[in-house]
Enquirer: 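Before anything else, here's the structure in question.
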Amino acid sequence: MLELQTIRENPDWVIGRLNIKNFDASAIVGQILEFDKMRRDTKNKLDQNMAEANQLSKQIGFLFQAGKAGEATELKNKIAQLKLAAKELEDRLASYEEGQFKALVKLPNLPGNPVRKGFSAEDNEVVHQEGAIPELYKGAVPHWDLCNRYGIIDFELGNKITGAGFPVYRGKGARLQRALINFFLDEGIKAGYLEYQPPLLVNEASGFGTGQLPDKDDQMYFVNLDNLYLIPTAEVPITNLYRNLILKPADLPIKNVAYSSCFRREAGSYGKDVRGLNRLHQFDKVEIVQITLPDRSWDTLEEMREHVTGLLRKLELPFRIVRLCGGDMSFASAMTYDMEVYSAAQERWLEVSSVSNFVTFQSNRMKLRYKDEEGKSRLLHTLNGSALALPRIVAALLENNQTETGIRIPEVLQSYTGFGIID
RNA sequence: GGAGAGGUGGCCGAGUGGUCUAAGGCGCACGCCUGGAAAGUGUGUAUACUUCAAAAGGGUAUCGAGGGUUCGAAUCCCUCUCUCUCCGCCA
């Protein structure tokens, strides 16, 4: 949620920035300013009204104590009139506040300075690429065929017990999952992150805090009986740990890492994008989250990008980093780097991580603040990134490392897997 | 699932209709005291909105949430919610 003050002070600038995200904000910004004026006018009237009523009430107390019941009755009538007016003012104030809030949560986050205007993934800017694209032997196949051949991931069994998008990992496939999770967590801890294990279900307030609710609730699984949502990413519970807090600058930065299963309905996806491990309803991910002072967040974004880069290097995967254009960025993000690995048998880049700076967008929703030198409350900045999401890493590892005699496991993982080849 | 007890400031905890502008304690900040520290001692210490050019100051709201009674509610009534204890079930 954007800060009201920003919109109030620079409405045209806000509209201009949102244009980079191809979002026409002029009508909504106009609405917000209109509601703001009415809200403040009404609040002023109501406050004056209540101040008068409060004062009269106090006088009645004294009059009763002094035994002057007659004068007290007179005042009572006066207060009754004030109350009547107050009720009407209160109702109006509430409707203005609601109108303003509803308009405010419709606005996406403003893109940061380096973000370019663009309409789709085509317009994203490749800022880095490294690692040799492997040349596979003749007869190399996509990962879903490999999974089948070596019996390590069973998509059919998942269909049987749950449905499409819920694969079953088996034998060395299961072991590889566990190895990757441990490797990613250990690397996070080495980089100074504190490990957490969050709940996999969250309440509505948490969904709102990180920006999944309202409006994107059709992307989350919902547990009807208890009004809980299955998390689409550990970002949601881990960031919301700090909801409604005022932190001390000395506590910052907060650096957390968490493994969790992630659940996504992925409504509307289809085709080759969803084949095999490319898009799942349930998958595993290690997530890094940072909370920083405002002047640190852009450097922190680069630091997090470096961390993820290091992981991809150690896994010996060819990868590239793209800076998302305005049109491809998420609702809540101010800037996002996508990390993509090359999947040699599918001959395409697969997104395995998204590292974003949300600046104050989430913290404003969560009321996550700190005290500055003057003792004023200010919003903190939140960031997060996948480090890393498993399925597409597994897809790339399987495809890129396949040989005629089996699938080679990268050196760095072998102490975790306990084996060097899948055959 | 059943029964009961609770939710008060950063924390603990008092408060059953008007001086609550929330006692007291702990913690924290800044002083005093001290050679330095501890102890002692003094002062200060919630959030949001709003008013104001700004600062100072002021106003309104907030004692889990929402509604109600009343001139007046932390306090009385209703609904919801969360926590704890016991029973049941159970990894």
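Just the heavy atoms: all of them, side chains too, but no hydrogens, waters or symmetry mates, feed the values below. Below, chain A is the first sequence line, B the second, and so on; all start at residue 1.
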Enquirer: If we call it a pair only when both distances are under 3.5 Å in a Watson-Crick or G-U wobble match, what pairs with B/rU79?
Expert: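 Its partner is B/rA65 (Watson-Crick or G-U wobble, both distances under 3.5 Å).
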Enquirer: Looking only at side chains, do A/Gln100 and A/Asp36 share a donor and an acceptor under 3.5 Å apart?
Expert: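 There is such a pair (donor and acceptor under 3.5 Å, judged by atom type) between the side chains of A/Gln100 and A/Asp36.
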Enquirer: Once you apply a heavy-atom cut-off of 4.0 Å, does A/Lys78 come out as touching a base, just sugar-phosphate, or nothing?
Expert: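 No contact.
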Enquirer: Is it the case that the side chains of A/Asn109 and A/Gln362 hold a donor-acceptor pair, with the cut-off being a distance below 3.5 Å and no angle test?
Expert: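 No, A/Asn109 and A/Gln362 have no side-chain donor paired with an acceptor closer than 3.5 Å.
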Enquirer: If the P atom of B/rG57 is compared with that of B/rA74, how far apart are they to the nearest Å?
Expert: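 Rounded to whole Å, the distance is 26 Å.
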Enquirer: Under a 4.0 Å threshold between the charged nitrogen and the carboxylate oxygen, would A/Glu88 count as salt-bridged to A/Arg92?
Expert: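 Yes, charged N to carboxylate O under 4.0 Å.
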Enquirer: A/Ile79 side chain: which of B/rU51, B/rU60, B/rC71 is closest?
Expert: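 Of the options given, the side chain of A/Ile79 lies nearest B/rC71.
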Enquirer: Strictly by Watson-Crick or wobble contacts shorter than 3.5 Å, is anything paired with B/rA48, and which nucleotide is it?
Expert: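 When the pairing criteria are applied, B/rU60 turns out to be the nucleotide that pairs with B/rA48.
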Enquirer: Considering just the side-chain nitrogens and oxygens of A/Lys83, establish if one lies under 4.0 Å of OP1 or OP2 belonging to B/rG72.
Expert: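 Yes, within the criterion.
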Enquirer: The side chain of A/Arg369 is closest to which nucleotide in this list: B/rA48, B/rU50, B/rC71?
Expert: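 When the side chain of A/Arg369 is considered, B/rA48 is the closest of B/rA48, B/rU50, B/rC71.
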Enquirer: Does the ring centre of A/Phe101 sit less than 6.0 Å away from the ring centre of A/Phe35?
Expert: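 For A/Phe35 and A/Phe101, the ring centres are not under 6.0 Å apart.
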Enquirer: Among B/rC71, B/rU60, B/rU51, which nucleotide has an atom closest to any side-chain atom of A/Lys76?
Expert: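 Nucleotide nearest to A/Lys76's side chain: B/rC71.
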Enquirer: For the P atoms, the ones on B/rC80 and on B/rG44, what distance do you get once it is rounded to whole angstrom?
Expert: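 B/rC80 and B/rG44 have their P atoms separated by 44 Å.
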Enquirer: Pick the P atom in B/rG59 and in B/rA3, then give their distance to the nearest Å.
Expert: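 Pairwise P distance, B/rG59 against B/rA3, rounds to 48 Å.
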Enquirer: Only pairs with both distances under 3.5 Å count, Watson-Crick or wobble alike; so what is the partner of B/rA23 in this structure?
Expert: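 Because no pair has both required distances under 3.5 Å, B/rA23 counts as unpaired.
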Enquirer: Checking ring pair (Phe, Tyr, Trp, His ring centres under 6.0 Å) for the pair A/Phe331/A/Phe361: CA distance, chi angles, key distance, verdict?
Expert: CA-CA 10 Å; A/Phe331 184 76; A/Phe361 195 81; 5.7 Å; yes
Enquirer: Considering only the C1' atoms, how many Å lie between B/rU83 and B/rA46, rounded to the nearest integer?
Expert: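 The same atom, C1', in both gives a distance of 23 Å.
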Enquirer: If we take the P atom in both B/rC30 and B/rA38, what is their distance in whole Å?
Expert: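 Their P atoms lie roughly 13 Å apart.
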Enquirer: At less than 4.0 Å, is any side-chain N or O atom of A/Ser57 found next to OP1 or OP2 of B/rG18? Yes or no.
Expert: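 For B/rG18, OP1/OP2 do not have a side-chain N/O of A/Ser57 under 4.0 Å.
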Enquirer: Quick one: look up who B/rA73 pairs with, Watson-Crick or G-U, both distances under 3.5 Å, and put none if it's unpaired.
Expert: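 Check on B/rA73: unpaired, no WC or wobble geometry under 3.5 Å.
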Enquirer: Between B/rG66 and B/rA73, how far apart are the C1' atoms? Round to whole Å, please.
Expert: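 One C1' to the other, the span is 15 Å.
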Enquirer: Under a plain distance cut-off of 3.5 Å, with no hydrogens placed, do A/Gln290 and A/Tyr193 share a side-chain donor-acceptor pair?
Expert: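 Note: A/Tyr193 and A/Gln290 side chains meet the donor-acceptor criterion.
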Enquirer: Would you tell me if any nitrogen or oxygen in the side chain of A/Arg39 comes within less than 4.0 Å of OP1 or OP2 on B/rC49?
Expert: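 For B/rC49, OP1/OP2 do not have a side-chain N/O of A/Arg39 under 4.0 Å.
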Enquirer: What's the closest nucleotide to the A/Arg40 side chain, out of B/rC49, B/rU51, B/rA61?
Expert: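 The nucleotide sitting nearest to the side chain is B/rU51.
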Enquirer: Check the phosphate of B/rU50 against A/Arg8, side-chain N and O only, distance under 4.0 Å to OP1 or OP2. Yes or no?
Expert: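 Yes, A/Arg8 has a side-chain N/O under 4.0 Å of OP1/OP2 on B/rU50.
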Enquirer: Can you check the distance between B/rU85 and B/rA22, where both ends of the measurement are the P atom (answer in whole Å)?
Expert: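 It comes out at 33 Å once rounded to the nearest Å.
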Enquirer: Rounded to whole angstrom, note down the C1' distance from B/rG27 over to B/rC82.
Expert: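 Here B/rG27 and B/rC82 have their C1' atoms 26 Å from each other.
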Enquirer: What is the pairing partner of B/rA29, taking Watson-Crick or G-U wobble pairs with both distances under 3.5 Å in any strand?
Expert: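 Because both required distances fall under 3.5 Å, B/rA29 counts as paired with B/rU43.
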Enquirer: For A/Lys43 and B/rU62, give me the distance from atom NZ to atom P, rounded to whole Å.
Expert: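 The answer, rounded to whole Å, is 11 Å.
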Enquirer: For B/rA37, what is the paired nucleotide under Watson-Crick or G-U wobble rules, both distances under 3.5 Å?
Expert: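 Checking every strand shown, B/rA37 finds no partner, since no pair has both distances under 3.5 Å.
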Enquirer: If only side-chain N and O atoms of A/Asn54 are considered, is one of them under 4.0 Å from the OP1 or OP2 phosphate oxygen of B/rA61?
Expert: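 Yes, A/Asn54 has a side-chain N/O under 4.0 Å of OP1/OP2 on B/rA61.
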